[in-house]
Structures are given as C-alpha cells and as structure tokens.
Amino acid sequence: MKVNINQSVLELIEGDITEQDTDVIVNAANTSLLGGGGVDGAIHMAGGLKILEECKKLGGCPTGEARITTGGNLKAKYVIHTVGPIYHNGKSREAELLANAYKNSLNIASKHKLNSVAFPSISTGAYRYPIDEASKIALKTAVDYLKAHSEIKLVRFVLFGSKAYQAYEKTLRELLK
Ligand code: ADP
C-alpha cells in the first residue's frame, strides 16, 4: 500500500528491512547498541562488523532517542539505531517513548539529508508492544512528520510477515479516513 502525503510517499510493504535500498534503514536496537536478536541481529548480520564498531563508540542510546552509523555492507548507506520502549502496561509512557523513537529517527534523517527512510515495526517483537496500538503511533507519527517536512520524500514501513503487514494496512486505512 502506498499513499501520498503532500509531496511525499508513505509506503507499507511486507519484507526484510536488511534488503531495502532506501538512503537509510532504522534499527530497533536496545539501549546498549551492542546488538541483540530480532531485527537488530538481522541488520548486524547483513551489514557486517563496521556497524558494530561504530555502535561501540556511541556509548549506548536512551529509550526514545536515536543515533546514526554507517550502513556497512547494506544497500542503505546508513543505519539509524533507535530504542523503542519495552511494553509493560501501557501506563509507563510507552506511547510517548515509541512516538519519540520514530520522531527522533526522522529528525536525524532530515539533518543528514537522507530523503528515503525504511522502518521496521519498532517494539512489537521482543519488547511486546501490541501491534494494533504500536501501528497507530508509528503511522500517525510518520504522517505528521511528512506533513511538516517535505525534505523526506519516502517513508517505507517494512513489515515482517503478513500479520504485521495487515495490522499496519488496517491502521493506515483508518488513519486516512
Ligand atoms: P523490539 O525489541 O523493538 O520489539 P524486535 O527485533 O524483537 O524489536 O522486533 C521488532 C519487529 O521487527 C517485529 O515485528 C519483528 O517481527 C520485526 N523483524 C524481525 N526481523 C526483521 C527483518 N529482517 N526485517 C523487518 N522486520 C523484522
């Protein structure tokens, strides 16, 4: 699914984020930035050790913030590492922190003149954020950002599996009503 937001495109695809040819891909990292499982493990595996070497120099990243490194061997030139919240009960600022993870990632992309950005579904794996709720925050934050920032031409959500894709598609249709 692909929609226009002002002069930019918001796209949902089912796929693997490590294969994206956008200027930058976003990693759902943990606060250590020293690698983990899930999408983080896949990105480091595909991108090679140069990414981890740069991550080591960054000294971690607080939840909701973001940092940038090389893309190593990936097609994307850069990786933005952001840390989504661990979902507890929904009352521990999870929504605000998840929105911040997306916003701060997009701000870094803008600052580095990276026009196309691919995101995974942050926090909905090991961090257990319910995907219906998380997709609302992810997509609303992306739409609002694109409305205010014409320098970003493409935001692509790369959903891992058809269930995740369908959840995001349903939310985007609701959001655009
Ligand atoms: P978090 O700790 O933020 O929850 P995870 O990596 O556990 O991060 O999961 C985040 C989302 O990324 C999950 O929906 C998971 O299915 C998805 N994911 C895992 N591998 C990939 C991949 N290669 N490309 C895109 N998404 C992926």
Side-chain angles (χ1 to χ4, degrees), residues 1-2 10-49 51-52 55 58 60-90 92-106 108-109 116-142 154-172:
M1 180 174 181
K2 213 180 208 181
L10 176 66
E11 187 180 20
L12 310 182
I13 66 165
E14 185 184 334
D16 182 341
I17 196 144
T18 64
E19 294 169 3
Q20 303 307 309
D21 59 0
T22 43
D23 293 338
V24 57
I25 66 169
V26 176
N27 181 17
N30 57 50
T31 53
S32 76
L33 296 185
L34 298 181
V39 74
D40 194 349
I43 288 172
H44 282 288
M45 182 90 82
L49 277 175
I51 300 177
L52 190 60
C55 280
L58 294 173
C61 177
T63 304
E65 294 190 19
R67 303 286 186 266
I68 189 166
T69 68
T70 175
N73 303 330
L74 297 166
K75 287 182 198 159
K77 280 210 179 72
Y78 298 92
V79 176
I80 291 172
H81 306 262
T82 190
V83 184
I86 297 171
Y87 191 86
H88 296 291
N89 53 7
S92 311
R93 294 175 59 226
E94 290 99 331
E96 179 191 339
L97 291 167
L98 185 60
N100 287 348
Y102 283 102
K103 248 180 273 173
N104 286 320
S105 298
L106 289 164
I108 289 184
S116 56
V117 184
F119 281 101
S121 177
I122 298 166
S123 283
T124 62
Y127 284 0
R128 300 185 309 273
Y129 211 120
I131 197 158
D132 291 344
E133 286 306 308
S135 63
K136 281 182 203 156
I137 294 161
L139 290 167
K140 172 109 179 41
T141 305
L154 169 68
V155 172
R156 177 184 293 155
F157 282 89
V158 183
L159 290 324
F160 205 57
S162 61
K163 253 183 107 174
Y165 178 82
Q166 281 160 21
Y168 270 70
E169 189 181 58
K170 182 167 177 272
T171 299
L172 185 56

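Whatever order the structure lists them in is the order used to number ligands and atoms, beginning at 1.
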*Asks:* To the nearest 0.1 Å, how far is atom 17 (C) of ligand 1 from its closest protein heavy atom, and which atom is that?
*Replies:* F160 CB, 3.8 Å
*Asks:* Evaluate the side-chain proximity of F160 to V39: yes if any heavy-atom separation is below 4.5 Å, no if none is.
*Replies:* no
*Asks:* Heavy-atom contact under 4.0 Å between S123 and ligand 1?
*Replies:* yes
*Asks:* Measure across D132 and A167 and return the closest heavy-atom pair with its distance rounded to 0.1 Å.
*Replies:*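 Closest approach of D132 to A167: OD1-CB, 4.0 Å.
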*Asks:* Which heavy atom in L33 sits nearest to a heavy atom in L52, and how many Å separate them?
*Replies:* O-CD1, 4.3 Å
*Asks:* Give the residue, atom name and distance (to 0.1 Å) of the protein heavy atom nearest atom 10 (C) of ligand 1.
*Replies:*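 Here the nearest protein heavy atom works out to S121 O, 3.2 Å.
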*Asks:* Is there a polar contact, in the sense of an N or O pair closer than 3.5 Å, between A126 and ligand 1?
*Replies:* yes
*Asks:* Give me the nearest non-hydrogen protein atom to atom 8 (O) of ligand 1 as residue plus atom name, then the distance to 0.1 Å.
*Replies:*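 Looking only at protein heavy atoms, the one closest to atom 8 (O) of ligand 1 is A28 CB, 3.9 Å.
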*Asks:* Would you indicate whether M45, at its atom CE, is surrounded by more than 12 heavy atoms from other residues, nucleotides or ligands within a distance under 6.0 Å?
*Replies:*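 No, CE of M45 has 12 or fewer neighbouring heavy atoms, counting only those of other groups under 6.0 Å.
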*Asks:* To check your reading of the model: name the closest protein heavy atom to atom 12 (O) of ligand 1, its residue, and the distance in Å.
*Replies:*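 Atom 12 (O) of ligand 1 sits closest to the protein heavy atom V39 CB, 3.9 Å.
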*Asks:* What protein heavy atom sits nearest atom 4 (O) of ligand 1, and how far off is it?
*Replies:*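 Protein heavy atom with the smallest distance to atom 4 (O) of ligand 1: G125 N, 2.8 Å.
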*Asks:* Heavy-atom contacts with G38 under 4.0 Å: which atoms of ligand 1 show up? List them by number with element.
*Replies:* 6 (O)
*Asks:* Atom OH of residue position Y165 - does it have more than 12 heavy atoms of other residues, nucleotides or ligands inside 6.0 Å?
*Replies:* yes
*Asks:* If you have a sec, work out which protein heavy atom is nearest atom 24 (N) of ligand 1 and how many Å separate them, to one decimal?
*Replies:*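 It is I17 N, 2.9 Å.
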*Asks:* Can you confirm whether N89 sits close enough to E94 that some side-chain heavy atom of one is under 4.5 Å from a side-chain heavy atom of the other?
*Replies:* yes
*Asks:* Taking the side chain as every heavy atom from C-beta outward, state whether C55 and H81 have any pair of such atoms under 4.5 Å apart.
*Replies:*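 Contact flag for C55/H81 side chains = yes.
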*Asks:* Looking at atom 14 (O) of ligand 1, what's its closest protein heavy atom, distance included?
*Replies:* T124 OG1, 3.0 Å
*Asks:* How far is atom 23 (N) of ligand 1 from its nearest protein heavy atom, and which residue and atom name does that atom have?
*Replies:*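 Among all protein heavy atoms, the one nearest atom 23 (N) of ligand 1 is D16 OD1, 2.9 Å.
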*Asks:* Are F157 and F119 close enough that their ring centres sit under 6.0 Å apart?
*Replies:*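 Yes - the distance between ring centres of F157 and F119 falls below the 6.0 Å cut-off.
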